[in-house]
Amino acid sequence: MATPDFILTLREKVGHDMLWIPGARAVVFDDAGRVLLGQRADNGRWGLITGILEPGEEPAPGMLRLVFEETGVVAVAERLVSVDTVGPTVHPNGDSCHFLTLVFRCRYVSGEARVNDDESLAVGWFHAEDFPELLPGHLEDIERAREADGAAYFRR
């Protein structure tokens with residue numbers, strides 16, 4: 001996985017200490033109700049398209065950038081699904097972090113789903129009955145996103 005330059009710069013200063021990192025996750029639906037999923041290159045697991053936002057980047061456009069960079073799919077954000085924390089995560093090199101994750105419901109606009117960078121082994125569209133085993137929390141995000149006008153979820 002490509003680590004953003006700003007994270008590498010921070011790591012030079014703080015070493016492996018805990019970082020608080022802003023992230024975004026996309027639940028992209030196509031017109032047939034299928035969901036866009038990717039198989040991660042770092043661990044081989046399937047999940048929603050997710051990534052780290054750049055400093056100062058608006059969350060929804062940043063998440064759409066990530067979707068396009070990783071899958072070649074153009075989408076539009078329809079609503080915020082949830083705000084949650086993920087972690088702590090300790091990477092194999094000892095770096096630790098917590099992610100603040102903003103999950104968005106998105107609608108497919110154009111493009112062919114394909115592996116578009118080195119962060120995925122495979123990408124594709126899946127109906128619920130055909131989902132591979134998903135990363136923790138991703139199925140719950142999909143279920144929350146199914147309602148087009150549902151309220152955003154906040155853990156209490």
Co-membership, hydrophobic cluster, residues Leu37 and Leu139, 4.5 Å side-chain: yes
Cluster check Ile52, Val14: I/L/V/M/F/W/Y, side chain < 4.5 angstrom: yes
Where Ile21 and Cys97 come nearest, the two heavy atoms and their spacing: CD1-CB, 3.7 Å
Close side-chain approach of His98 and Met18, heavy atoms under 4.5 Å: yes
Test log, rule ring pair (Phe, Tyr, Trp, His ring centres under 6.0 Å), inputs Phe131 and Trp46: CA-CA 9 Å; Phe131 286 164; Trp46 283 89; over 10 Å; no
Donor-acceptor under 3.5 Å (Arg105 side chain, Arg146 main chain): yes
Arg45 side chain near Glu133 side chain, heavy-atom distance below 4.5 Å: yes
Non-hydrogen atoms of Leu135 and Arg40 that approach each other most closely: CD1-CD, 3.6 Å
Single-linkage hydrophobic cluster Leu64~Val83, side-chain heavy atoms < 4.5 angstrom: yes
Check against salt bridge (Lys or Arg N to Asp or Glu O under 4.0 Å), Asp95 and Arg11: CA-CA 8 Å; Asp95 289 352; Arg11 286 289 176 208; 3.4 Å; yes
Over 12 foreign heavy atoms within 6.0 Å of CG, Asp31: no
Heavy-atom side-chain contact between Leu102 and Leu80 under 4.5 Å: yes
Lys NZ or Arg CZ of Arg34 over Phe126 ring: under 6.0 Å, within 45°: no
Side chain to side chain contact (heavy atoms under 4.5 Å, CB included) between Val27 and Ile49, intermediate numbers included: CA-CA 7 Å; Val27 184; Ile49 307 306; over 6 Å; no
Polar side chain donor-acceptor pair, Arg114 to Asn116, under 3.5 angstrom: yes
Shared hydrophobic cluster for Val103 and Leu134 (ILVMFWY, side-chain gaps under 4.5 Å): yes
Test log, rule salt bridge (Lys or Arg N to Asp or Glu O under 4.0 Å), inputs Arg65 and Glu69: CA-CA 6 Å; Arg65 171 189 59 80; Glu69 286 177 358; 3.0 Å; yes
Thr71 side chain reached by Leu36 side chain, heavy atoms, under 4.5 Å: yes
Heavy-atom pair of closest approach, residues Asp84 and Arg155: OD2-NH2, 2.9 Å
Residue pair Thr50 / Leu66: nearest heavy atoms and the distance that separates them: C-CD1, 4.5 Å
Note, Leu53 side chain near Pro59 side chain (heavy atom, < 4.5 Å): yes
Heavy-atom side-chain proximity of Phe29 to Val35 below 4.5 angstrom: yes
Non-hydrogen side-chain atoms of Val76 and Phe104 separated by less than 4.5 Å: no
Note: Asp141-Arg25 ion pair, threshold 4.0 Å (strictly below): yes
Taking every non-hydrogen atom, the tightest pair across Pro55 and Phe6: CD-CD2, 3.4 Å
Aromatic ring pairing His91/Phe99, orientation class (parallel under 30°, perpendicular over 60°, tilted between): perpendicular
Least distance between heavy atoms, Glu54 atom then Pro4 atom: OE2-CB, 3.8 Å
Side chain to side chain contact (heavy atoms under 4.5 Å, CB included) assessment of Val73 paired with Trp125: CA-CA 11 Å; Val73 167; Trp125 295 99; 4.2 Å; yes
Any side-chain heavy-atom pair of Cys106 and Met63 under 4.5 Å: yes
Shared hydrophobic cluster, Trp20 / Phe154 (ILVMFWY, side-chain heavy atoms < 4.5 Å): yes
